[in-house]
Amino acid sequence: MESFLEDLNQAQREAVTATEGFIRVIAGAGSGKTRALSHRFAFLVEELGILPGNILCVTFTNKAASEMRQRIHALTGDNDTGFINTFHGFCVSVLQEDSHAVQYPKSFLVLDNEDINAMLQIIYEERGLSLRDMTFSKARDMIEIRKLFKDPEYYRSMIAMSLDELKGLYEKAVSASDIIFYGYLYQEKKCFGLDYNDLIKFSLYIFEQNPEIRLKWQQRLEYIMIDEFQDIDLLQYQLMSVLCGYHKNLFVVGDPDQTVYTWRGANVRYLMDFDREFAPCRTIFMTQNYRSTPQILAVANSLIRRNVNRIPKDLIPVLPDGPDVLCHYADTAEEEAKWVAGRVAALHEAGVPYRDMTLLYRAHFVTRTIEQVFLTAKLPYTIYSGIQFFSRMEIKDALSYLRILVYRDDLSFLRIVNRPKRNLGKRRIAFLQEVAEREACSLYEALQRSLDQELFRGTRAASFLNLIERFSAEYSNRPVSEILSAILDQSGYEQMLRTEGSQERLDNLAELKQSVYEFETTCGEETTLEHYLSHVALFSNSDTADAGDRVRLMTVHAAKGLEFPHVFLVGMNEGIFPSRKTATREAMEEERRLAFVAITRAKQSLALSEAGGRNFDHSPRYPSRFLLDIDPSLLTFTREPQEGLVEEALRYIRASQRHLPDSTDEGHFPAGTRVRHNIFGEGTVLELDTEHSAHLVQFDAMATPRKISFRARLERL
């Protein structure tokens, strides 16, 4: 037993050995919660004799799940690491086993945003819609809102309806929103696809409608552990509540001070009220911080104490003293950027690699001036954003080659049938689409049936079909990494990139191959091609290749879960951080939590900066209230702020705070709230428009949303 408790502090030991009942761990930033979770898993397996397959450990990202598997494997030496996954990834496992209960095959498709966009493209072309009618981004949001709020019976109707019935709804639809919504349901059903929300909703539906399946999973999962509990949403909370209903062994880890995803549905109350909802509950505090210096933690503690809606705690430093936290008041944005560039250059001259320095900011537009100054100063940098790794063209192409081996789906077919060129352009694809529609088959089958047509003479259609058939017959007996390498070679795809001189794309494919190999080594025998494809759609932007020795620029949201030796938190101005869109006191507390997250990313040094001058509307720029929240004795100012600036900023902040409503105030509702208007009827709040003191509401009976003044009475449903 002692081997799993060595090098753990008292709170970590308590968390590891507390195995039975409902347990809540309030784990501060940098307190070693991943270490505690992995050791607890090993303790359950090695000391209590629990089978790994009877443990569910839920993480927030696939990268975190992979890291957890590796840690547990190092502790136990066992390749069986049970269910270590995200909520969505776990639901894939549920549906692969029990999708028959919803009339879906085990080989269903998990759809990501790129797949959904491809479906929307088909719908828009079929029905003559354009991006003027609705952008793809707004269409995806509309579909999600209608599924979760406006049309909650969608899930049952989709399960019960035949493909022909859905097609009928699609063809009869008149408004753009109905055409898109029913067209999407039809396309989903046609290829047996499920998007992220479907995965959890379908799993919940199965558990609700099939008590024997529900009991099977409840009995199987003897111990459930959930990381980043402050970030879970309503669907995830409901799923968790169902799964722990038999053994009632639920262990949750989270930090209310790091809830920064309410815009995605996260609700800090799930963690705050856990002890009331799941009684009797044992609460353990993990507050020793192993990441940051005492100077950085003092600033973080001073800032977050200003929040009211929290569980009081302070981060306790373990590391020795470091340099003071710097605060720089610049006259202009350009002067701020030059100061940051000077600090970066000085650190680099002192021996700090560029890759150890990171600039964090609230919004991407802040980087414009910084980039200009960095380019002039010839400082290497990379912006940690843009296209996600698994959404890059070459990665999607490679995965489509794998996907078509298993699913023969239209989305993959359209993506790779003419990459590399096989003389299968728009005219021939249009012909195949007519055949597929007429004969109710896939585009792949339509090509098989049409191969002897004159239209396909002189094409490489036959060689494409032979390639897919040959690999389909043998993929189940070969490792996924081997299949990937072989098909990229024999299809001519990699040769096409070499001919184009696309070395970066070839490097990305090499990174993909490496990630597949690592996936195989961490998941063991269960890594079939179907298993890999079901989970790869859930991967995030955490697996990008190393950008080399460059300063990293990223938003604070992108930095959550990461840590960096030297951090510059820039653009600390009212209207930037906190965002000018902050509409309620609750939202302001979330902005402060976001600033807390940014500060606690720093390990060795931290610098905060803001810029004076005027905003785009010519209003004066004030320092962020978050700078003024911090005890000034904890900061070292590069120069004293201009006389009267702080007092003027405080007056501005106090005035704006008076006009900031509580989100729970009557008549003010956060996004996602279902409301009723006395004329328009029921609808869903999409966002709060503080600039015009209004809610943006999508009413059920209307095709487009309406802005409703705060003065109008809306009733919460």
Side-chain angles (χ1 to χ4, degrees), residues 92 95-96 99 102-126 136 140 143 158 162-163 166-167 170 183-196 198-199 202 390-391 393 395-419 422 424 428-450 461 464-473 475-476 480 483-484 487-488 491 493 528-539:
V92 168
L95 292 168
Q96 283 178 332
S99 59
V102 286
Q103 293 79 52
Y104 260 58
K106 294 186 184 300
S107 57
F108 59 87
L109 276 175
V110 180
L111 305 172
D112 62 15
N113 279 346
E114 290 293 316
D115 296 322
I116 296 172
N117 286 349
M119 287 182 171
L120 293 173
Q121 186 66 46
I122 293 170
I123 296 164
Y124 280 41
E125 289 177 359
E126 284 182 350
F136 283 2
R140 292 196 308 268
I143 290 167
M158 185 178 178
S162 68
L163 191 62
L166 280 173
K167 183 180 179 183
Y170 169 46
Y184 176 70
L185 302 192
Y186 170 63
Q187 291 292 334
E188 268 197 310
K189 187 81 168 183
K190 187 177 177 182
C191 69
F192 290 114
L194 298 174
D195 61 31
Y196 289 3
D198 293 329
L199 293 172
F202 270 55
F390 285 96
S391 296
M393 181 194 76
I395 303 302
K396 292 294 292 183
D397 288 347
L399 294 176
S400 292
Y401 267 106
L402 293 180
R403 235 166 58 161
I404 202 167
L405 301 181
V406 179
Y407 304 114
R408 302 290 199 276
D409 62 294
D410 290 354
L411 300 179
S412 299
F413 180 89
L414 289 169
R415 186 170 189 101
I416 51 95
V417 69
N418 209 36
R419 285 186 63 79
R422 298 185 176 93
L424 294 169
R428 292 183 172 92
I429 294 299
F431 174 84
L432 292 177
Q433 288 172 328
E434 290 177 7
V435 173
E437 185 71 19
R438 184 174 64 249
E439 300 187 18
C441 64
S442 69
L443 292 174
Y444 185 88
E445 291 172 315
L447 181 58
Q448 287 178 314
R449 298 176 189 184
S450 307
F464 173 74
L465 292 173
N466 289 335
L467 175 82
I468 302 305
E469 291 299 317
R470 180 159 46 86
F471 274 88
S472 295
Y475 77 76
S476 59
V480 180
I483 287 288
L484 176 62
I487 201 166
L488 290 177
S491 66
Y493 187 84
T528 63
L529 181 55
E530 292 90 341
H531 179 255
Y532 175 72
L533 290 172
S534 295
H535 285 78
V536 74
L538 307 175
F539 287 178

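Heads up: numbering here begins at 1 and tracks the sequence.
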Hey, could you give me each pair passing salt bridge (charged side-chain N to carboxylate O under 4.0 Å, His left out) that has a residue in residues 429-438? Not counting sequence neighbours. Lys167-Glu437
Working to the nearest 0.5 angstrom, can you tell me the gap between [X] [atom1] and [Y] [atom2]?
{"X": "Arg140", "Y": "Asn117", "atom1": "CZ", "atom2": "CG", "result": "4.5 Å"}
{"X": "Ile116", "Y": "Tyr184", "atom1": "CD1", "atom2": "OH", "result": "3.5 Å"}
{"X": "Ser476", "Y": "Glu530", "atom1": "OG", "atom2": "CD", "result": "8.0 Å"}
{"X": "Phe202", "Y": "Asp195", "atom1": "CZ", "atom2": "CG", "result": "9.0 Å"}
{"X": "Met119", "Y": "Tyr186", "atom1": "CE", "atom2": "OH", "result": "11.5 Å"}
{"X": "Ser450", "Y": "Glu439", "atom1": "OG", "atom2": "CD", "result": "7.0 Å"}

If we ignore hydrogens and angles and just use 3.5 Å, is the side chain of Ser442 paired with the main-chain N or O of Asp409 as donor and acceptor? no
Any side-chain heavy atom of [X] within less than 4.5 Å of one from [Y]?
{"X": "Met393", "Y": "Arg419", "answer": "yes"}
{"X": "Val110", "Y": "Leu194", "answer": "no"}
{"X": "Arg403", "Y": "Ile416", "answer": "no"}
{"X": "Ser107", "Y": "Tyr407", "answer": "yes"}
{"X": "Asn418", "Y": "Arg428", "answer": "no"}
{"X": "Leu111", "Y": "Asp198", "answer": "no"}
{"X": "Lys189", "Y": "Leu185", "answer": "no"}
{"X": "Ile404", "Y": "Phe464", "answer": "yes"}

Can Ile487 and Leu405 be said to form a side chain to side chain contact (heavy atoms under 4.5 Å, CB included), step by step? CA-CA 10 Å; Ile487 201 166; Leu405 301 181; 3.9 Å; yes
Those residues at least two apart in sequence (or on a different chain) that pass side-chain contact (heavy atoms from CB on, under 4.5 Å) with Gln448 are Tyr444, Glu445, Leu465, Glu469
Walk me through it: do Leu533 and Val480 pass the test side chain to side chain contact (heavy atoms under 4.5 Å, CB included)? CA-CA 10 Å; Leu533 290 172; Val480 180; over 6 Å; no
Parallel, tilted or perpendicular for Tyr493 and Tyr401, by the 30°/60° rule? perpendicular
Phe192 and Phe108 aromatic centres sub-6.0 Å: no
Could you walk me through whether Leu484 and Leu488 pass the side chain to side chain contact (heavy atoms under 4.5 Å, CB included) test, one step at a time? CA-CA 6 Å; Leu484 176 62; Leu488 290 177; 3.8 Å; yes
Determine the minimum heavy-atom distance between [X] and [Y], stating which atoms define it.
{"X": "Ser99", "Y": "Pro105", "result": "OG-O, 3.3 Å"}
{"X": "Ile429", "Y": "Val417", "result": "CD1-CG1, 3.9 Å"}
{"X": "Ala446", "Y": "Cys441", "result": "N-SG, 3.9 Å"}

Going by atom types only, do Arg408 and Ser472 share a side-chain donor-acceptor pair under 3.5 Å? yes
Hey, mind stepping through Leu447 and Leu443 against side chain to side chain contact (heavy atoms under 4.5 Å, CB included) and telling me if it holds? CA-CA 6 Å; Leu447 181 58; Leu443 292 174; over 6 Å; no
Does the distance from a Lys or Arg side-chain N to an Asp or Glu carboxylate O, for Lys396 and Asp115, drop under 4.0 Å? yes
